[in-house]
Amino acid sequence: MTKESPRYVVIAAELRDRITGEGLAPHTLMPSERELGEAYGVSRMTARQALALLENEGYVYRRPPRGTFVAEPRVPFHIGSFSDEIIRVGRRPAAQLLWAEEREPTASARAAFDLGSSARVHALHRLRFADDEPIALETTYFPAVLTPGLLAEPLTGSLWRLLRTRYGVVPVSAQATIQSVVIDDASCARLRIRSASPGILLTRWTFDDAGRCVEFARDVYRADRASFQVEARIPIPVDE
């Protein structure tokens, strides 16, 4: 015998379909808990659970006592330049530099760049915005020998553009792993989200036309504000 989904899950699914299917404009006022309770014949607690589920998924936001509103849609990222992706969706990219230094590479950065024991890297930590909304925290590494003088450059724009124009290094491909994480409290504060919010950890490797890794990064995105579009060619099984 199959169990039915809890009522709040069913209600949330219908509201989610309404938001996406009808293309409700961002900041549209959603039905109140009382209105949902009356419409679905459930308690206000059940209606509150449905709205809380949608809030956790990033479809709505709450502004007590005014009500619950449709959230801005997630930014659909491809693996690549944050600035280019934000511009592609018609918004304005920005970056706040939190720190930048030359130092010994982490074990992951050393492996990515295949560096010797005495090599150094330039490391940057930046808060990235779409318009004035914080979206991600980026920790980015470059081989110091490849990027002399990098820390004296303006570091609040596209780093890929800086690689091309200042160093003649042209990124041509990137690969990444994507993991779900719980964002730490300090990062939540910078991203203006609740403590222990879900996030997306993107670990990236960027390559030039010679196949050399020129950038290694670990980026943490707000799960409620970003999604990633991934394409892959599916191999034909040998037995077909």
Side-chain angles (χ1 to χ4, degrees), residues 74-116 118-178 186-187 190-192 199-222 225-231:
R74 286 176 172 84
V75 178
F77 287 94
H78 297 92
I79 306 302
S81 162
F82 180 97
S83 295
D84 290 348
E85 291 298 293
I86 293 299
I87 291 169
R88 181 177 60 82
V89 297
R91 302 182 68 179
R92 175 177 51 84
Q96 176 188 350
L97 181 65
L98 302 176
W99 53 258
E101 61 187 14
E102 180 178 316
R103 68 186 198 192
E104 291 184 3
T106 63
S108 298
R110 187 183 301 279
F113 299 131
D114 192 21
L115 297 175
S118 61
R120 309 279 287 178
V121 293
H122 289 139
L124 300 79
H125 190 52
R126 304 191 304 167
L127 179 61
R128 302 306 308 270
F129 297 84
D131 297 329
D132 295 319
E133 181 182 32
I135 298 289
L137 282 160
E138 298 177 336
T139 306
T140 313
Y141 302 89
F142 300 98
V145 68
L146 188 68
T147 54
L150 176 70
L151 302 186
E153 296 289 333
L155 299 173
T156 55
S158 168
L159 297 178
W160 283 17
R161 188 173 297 115
L162 185 58
L163 281 181
R164 291 192 296 265
T165 58
R166 173 73 170 81
Y167 299 103
V169 174
V170 181
V172 298
S173 66
Q175 65 183 50
T177 61
I178 300 174
S187 297
R190 291 197 181 279
L191 292 167
R192 303 178 200 162
I200 301 169
L201 171 62
L202 190 75
T203 305
R204 291 186 294 115
W205 297 260
T206 305
F207 303 91
D208 65 6
D209 56 2
R212 171 181 57 171
C213 183
V214 295
E215 176 195 41
F216 174 70
R218 292 173 65 85
D219 309 329
V220 176
Y221 286 77
R222 289 173 51 174
R225 301 304 299 119
S227 64
F228 285 89
Q229 298 178 344
V230 180
E231 297 178 4

Pairwise distance [atom1]([X]) to [atom2]([Y]) - rounded to 0.5 angstrom:
X: Arg192; Y: Asp132; atom1: CZ; atom2: CG; value: 7.5 Å
X: Ile86; Y: Asp131; atom1: CD1; atom2: CG; value: 8.0 Å
X: Leu202; Y: Ile79; atom1: CG; atom2: CD1; value: 4.5 Å
X: Leu201; Y: Thr177; atom1: CG; atom2: OG1; value: 6.5 Å
X: Glu138; Y: Arg218; atom1: CD; atom2: CZ; value: 13.5 Å
X: His122; Y: Leu150; atom1: NE2; atom2: CG; value: 6.0 Å

Holding to side chain to side chain contact (heavy atoms under 4.5 Å, CB included), I want the full list of residues that pass it with [X], two or more places apart in sequence or in another chain.
X: Ser187; result: Leu137, Ile183, Asp184
X: Val170; result: Arg164, Val172
X: Glu133; result: Arg91, Ile135, Arg222, Arg225
X: Ser227; result: Arg74, Pro76

Can you find a side-chain donor-acceptor pair between Thr156 and Arg126 that sits under 3.5 Å?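 The criterion, which ignores hydrogens and geometry beyond distance, is not satisfied for Arg126 and Thr156.
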How close do [X] and [Y] get, heavy atom to heavy atom, and via which atoms?
X: Cys213; Y: Phe113; answer: O-CD2, 3.3 Å
X: Tyr141; Y: Ala109; answer: CG-CB, 4.1 Å
X: Gly157; Y: Ser83; answer: C-OG, 4.4 Å
X: Arg204; Y: Gly80; answer: NH1-O, 4.5 Å
X: Leu151; Y: Ala100; answer: CD2-CB, 3.9 Å
X: Ala217; Y: Asp219; answer: CB-OD1, 3.7 Å

According to salt bridge (charged side-chain N to carboxylate O under 4.0 Å, His left out), who are the partners of [X], at least two apart in sequence or on a separate chain?
X: Arg212; result: Asp208
X: Glu85; result: Arg88
X: Asp209; result: none

Scan Thr206, Val169, Leu124, Leu162 and name whichever one has a side-chain contact (heavy atoms from CB on, under 4.5 Å) with Phe142.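 Between Phe142 and the candidates, side-chain contact (heavy atoms from CB on, under 4.5 Å) is satisfied uniquely by Leu124.
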How far apart are the C-alpha atoms of Leu191 and Leu127, what are their side-chain angles, what is the distance that settles it, and do they pass the side chain to side chain contact (heavy atoms under 4.5 Å, CB included) test? CA-CA 8 Å; Leu191 292 167; Leu127 179 61; 3.7 Å; yes
I'd like to know whether CD of Glu104 has more than 12 heavy-atom contacts from other residues, nucleotides or ligands below 6.0 angstrom.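 Not more than 12 within 6.0 Å, no.
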If you count heavy atoms of other groups shown closer than 6.0 angstrom to CZ of Arg103, is the number above 12?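 Yes, the 6.0 Å shell around CZ holds more than 12 heavy atoms from other groups.
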Does anything in residues 106-116 form a side chain to side chain donor-acceptor pair (under 3.5 Å)? List the pairs, not counting sequence neighbours.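 Sorted pair list comes back empty.
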Residues which pass ring-ring contact (aromatic ring centres under 6.0 Å, His included) with [X], listed by chain and number, not counting sequence neighbours:
X: Phe77; value: Phe82, Tyr221, Phe228
X: Trp160; value: none
X: His125; value: Trp99

Quick one: salt bridge (Lys or Arg N to Asp or Glu O under 4.0 Å) pairs with a partner in residues 148-163, sequence neighbours left out?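 Sorted pair list: Asp84-Arg161, Glu153-Arg166.
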Report yes if some heavy atom in the side chain of Thr139 is under 4.5 Å from a heavy atom in the side chain of Val220; otherwise report no.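 No, too far: nothing below the 4.5 Å cut-off.
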